[in-house]
Amino acid sequence: MTPFAAFLALPVRGYRLIFSPWVGHNCRYQPTCSAYALEALQKHGGLRGGWLAARRIARCHPWGRSGIDNVPD
């Protein structure tokens with residue numbers, strides 16, 4: 001993982017550690033948005049992985065879709 005991707009992964013890891021247990025497992029997509037973000041940052045680095053994670057989070061709303069949404073290669 002690039003240094004920029006590792007920096008972007010810090011808030012995601014903090015969310016998973018602090019807020020995720022209280023929010024519950026209500027994610028519309030599989031894998032969850034936080035798991036998707038970490039995988040995207042790992043696979044594609046900070047810029048593209050960050051963009052993919054932001055796009056995924058923007059799609060997660062009540063009128064959005066749901067289902068399996070894997071990180072593209």
Side-chain angles (χ1 to χ4, degrees):
M1 187 179 290
T2 65
F4 184 53
F7 176 73
L8 290 177
L10 287 175
V12 176
R13 292 181 199 272
Y15 166 79
R16 292 183 91 178
L17 181 68
I18 297 168
F19 294 113
S20 184
W22 291 337
V23 174
H25 301 290
N26 301 338
C27 195
R28 303 175 62 81
Y29 290 104
Q30 205 50 255
T32 63
C33 291
S34 58
Y36 182 95
L38 291 175
E39 185 179 349
L41 290 169
Q42 180 71 35
K43 262 188 185 180
H44 297 290
L47 289 177
R48 182 144 196 265
W51 169 250
L52 289 170
R55 245 183 51 194
R56 167 70 177 275
I57 292 169
R59 288 190 311 235
C60 193
H61 54 79
W63 303 281
R65 301 168 77 181
S66 62
I68 297 174
D69 183 24
N70 294 319
V71 177
D73 288 329

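- Contact check for Leu52 versus Arg48: side-chain heavy atoms found under the 4.5 Å cut-off.
- The two atoms that bring Leu38 and Ala9 nearest to each other are CD2-CB, 3.8 Å, heavy atoms only.
- Other residues, nucleotides and ligands contribute more than 12 heavy atoms inside 6.0 Å of the CG atom of Leu10.
- Between Gln42 and Val71, every side-chain heavy-atom pair lies at or beyond the 4.5 Å cut-off.
- Taking hydrophobic clusters as Ile, Leu, Val, Met, Phe, Trp and Tyr residues chained together by side-chain heavy-atom distances below 4.5 Å, Ile18 shares a cluster with Val23.
- Using a distance-only test at 3.5 Å, with no hydrogens or angles considered, a donor-acceptor pair links the side chain of His44 to the main chain of Pro72.
- Taking both residues in full, the closest heavy atoms of Ala5 and Gly46 are given as CB-N, 3.6 Å, listed atom of the first, atom of the second, then distance.
- Between Tyr36 and Ile57, every side-chain heavy-atom pair lies at or beyond the 4.5 Å cut-off.
- For Arg16, the side chain to side chain donor-acceptor pair (under 3.5 Å) partners two or more places apart in sequence, or in a different chain, are Ser34.
- Of all heavy-atom pairs spanning Lys43 and Asp73, the tightest one is NZ-OD1, 3.1 Å.
- Of all heavy-atom pairs between His61 and Arg28, the closest is O-NE, 3.3 Å.
- Residue Thr2 comes nearest to Gly45 through the heavy atom pair OG1-CA, 4.2 Å, listed as atom of the first residue, atom of the second, then distance.
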